[in-house]
Amino acid sequence: MRIRSVYQRLYKTYGPQQWWPADSRFEIMVGAVLTQNTAWVNVERAIANLKQASALSTEAILDSSHEQLAEWIRPSGYFNIKASRLRNFCQWYQQQGQYDRLKRLKTALLRQRLLMVNGVGPETADDIILYAFARKVFVIDAYTKRIFSRLGLSDPSAGYESLRAQFEKALSKESVKTFNEYHALIVVHGKDVCKVKPRCEQCCLARVCQRVGLD
DNA sequence: ACCCAGGGTCATA
DNA sequence: TATGACCATGGG
C-alpha cells in the first residue's frame with residue numbers, strides 16, 4: 001500500500017502538525033461546523049467572538065437568539081445557515097448527554113448519530129470523531145481526493161465512503177495519532193503541492209509526486 | 001474583478 | 001445516483 005508511504009514522506013518533510021488547534025473538545029466541534037467550505041482564519045475570528053461573549057458553550061448558544069448567534073459567527077461566512085447548524089448540533093449534543101455519555105458509544109454508532117444532525121455531513125462528523133473523540137476514522141477532504149486521484153492511487157469518481165474505507169484499511173494497524181497527523185498534513189500542506197483546483201494535471205501531478213516521493 | 005477556502009442540504013432529472 | 005443552486009465572509 002502506498003497510502004502509508006505517502007504519509008511517511010509527508011511526516012518526514014513537514015513534521016507533526018499538533019491538531020486540532022483548540023482549547024477544548026467543544027471548541028473542536030464548533031470549529032468543525034464553522035469551517036465548512038471556509039478559510040480557517042475566518043473561523044478563528046468567529047470563535048474569538050464566541051469566547052469574548054462567553055458564548056462558547058452549549059447553554060450559551062442554545063440561549064442566544066438566531067440573530068445574536070449569527071452576528072457572533074459572521075466572519076466565518078454562511079452565518080445564517082451555520083447559526084442553525086450550530087444550534088442543531090448543540091441541541092443534539094445536550095440531548096445525547098454530551099461527551100461523557102457519547103464517548104461510551106462505539107465509533108460506528110457515534111458516527112451514525114452525528115450524521116443525524118442537520119448540518120453535520122460525513123466530513124464534519126469525521127472531524128469530530130477523530131479530533132474530539134480520538135477515534136480511528138480517516139477524514140476525506142477535497143485535497144485528499146484530488147491528490148490521491150492525481151497520484152493514480154484512487155479512482156477520481158470514488159465517493160467519500162469508498163475512499164474512507166480504502167484509507168482505513170491501509171492504516172488499520174496505525175494509531176489514532178497517525179490518523180490525526182495524516183489528515184492534518186494533507187490539509188495544511190495539500191495546497192502546497194497543488195495550489196489551484198483547475199486542471200494543470202501534468203504540473204500538479206509532477207509536484208505531488210516530487211513532494212511525496214513517488215516516481 | 002475573479003477565485004477559493006479545513007462542506008452540506010435540498011430540489012431536480 | 002448525480003449534478004446544480006444556494007449559502008456569504010475575507011484574503012490573494
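- Between A:Phe133 and A:Tyr99, the ring center distance clears the sub-6.0 Å criterion.
- In terms of hydrophobic clustering, with Ile, Leu, Val, Met, Phe, Trp and Tyr side chains grouped at heavy-atom distances under 4.5 Å, A:Trp92 and A:Ile73 are assigned to a common cluster.
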Where along nucleotides 7-13 of chain B does protein come under 4.0 Å, by heavy atom, of base (B) or sugar-phosphate alone (S), with - for untouched nucleotides?
BBSS---

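- For the pair A:Ile28 CD1 and B:dG6 C1', the computed distance is 13 Å after rounding to whole Å.
- The CG atom of A:Asn42 sits 11 Å away from the C1' atom of B:dC4 (whole-angstrom rounding).
- In the hydrophobic cluster analysis, where Ile, Leu, Val, Met, Phe, Trp and Tyr join through side-chain heavy atoms closer than 4.5 angstrom, A:Val41 is grouped apart from A:Leu34.
- The gap from the P atom of C:dC6 to that of B:dG6 amounts to 24 Å, rounded to the nearest Å.
- Using modelled atom types, one finds a donor on one side chain and an acceptor on the other under 3.5 Å when comparing A:Asp141 with A:Thr144.
- For the atom pair CE of A:Met29 and CD1 of A:Ile128, the computed distance is 6.5 Å after rounding to the nearest 0.5 Å.
- Distance check: A:Tyr143 OH to A:Ile186 CD1 gives 11.5 Å after rounding to the nearest 0.5 Å.
- The distance from atom CZ of A:Arg74 to atom P of C:dA8 is 10 Å, rounded to the nearest whole Å.
- Rounded to whole Å, the distance from CG on A:Leu86 to C1' on C:dC7 is 15 Å.
- Distance, A:Ile47 CD1 to B:dG6 P: 14 Å, rounded to whole Å.
- Applying the ring-ring contact (aromatic ring centres under 6.0 Å, His included) test to residues at least two apart or on different chains, the pairs with a partner in residues 31-57 of chain A are A:Trp20-A:Trp40.
- A:Leu86 and A:Leu115 are not part of a single hydrophobic cluster, where members link through side-chain heavy atoms under 4.5 Å apart.
- Atom CD of A:Glu71 and atom P of C:dT9 are 10 Å apart (whole Å).
- No donor-acceptor distance shorter than 3.5 angstrom exists from the side chain of A:Glu168 to the backbone of A:Gln166, with no hydrogens or angles considered.
- For the C1' atom pair drawn from B:dC4 and C:dA8, the interatomic distance equals 13 Å after rounding to whole Å.
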Which dot-bracket string describes DNA chain B (Watson-Crick N1-N3 plus N6-O4 or O6-N4, or G-U N1-O2 and O6-N3, all under 3.5 Å; [ ] crossing; | other strand)?
.||||.|||||||

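- Rounded to a whole Å, the CZ atom of A:Phe79 is 6 Å from the P atom of C:dA8.
- For B:dA5, the OP1/OP2 oxygens have a side-chain nitrogen or oxygen of A:Tyr143 closer than 4.0 Å.
- A straight line from NZ of A:Lys82 to P of B:dG6 spans 11 Å, rounded to a whole angstrom.
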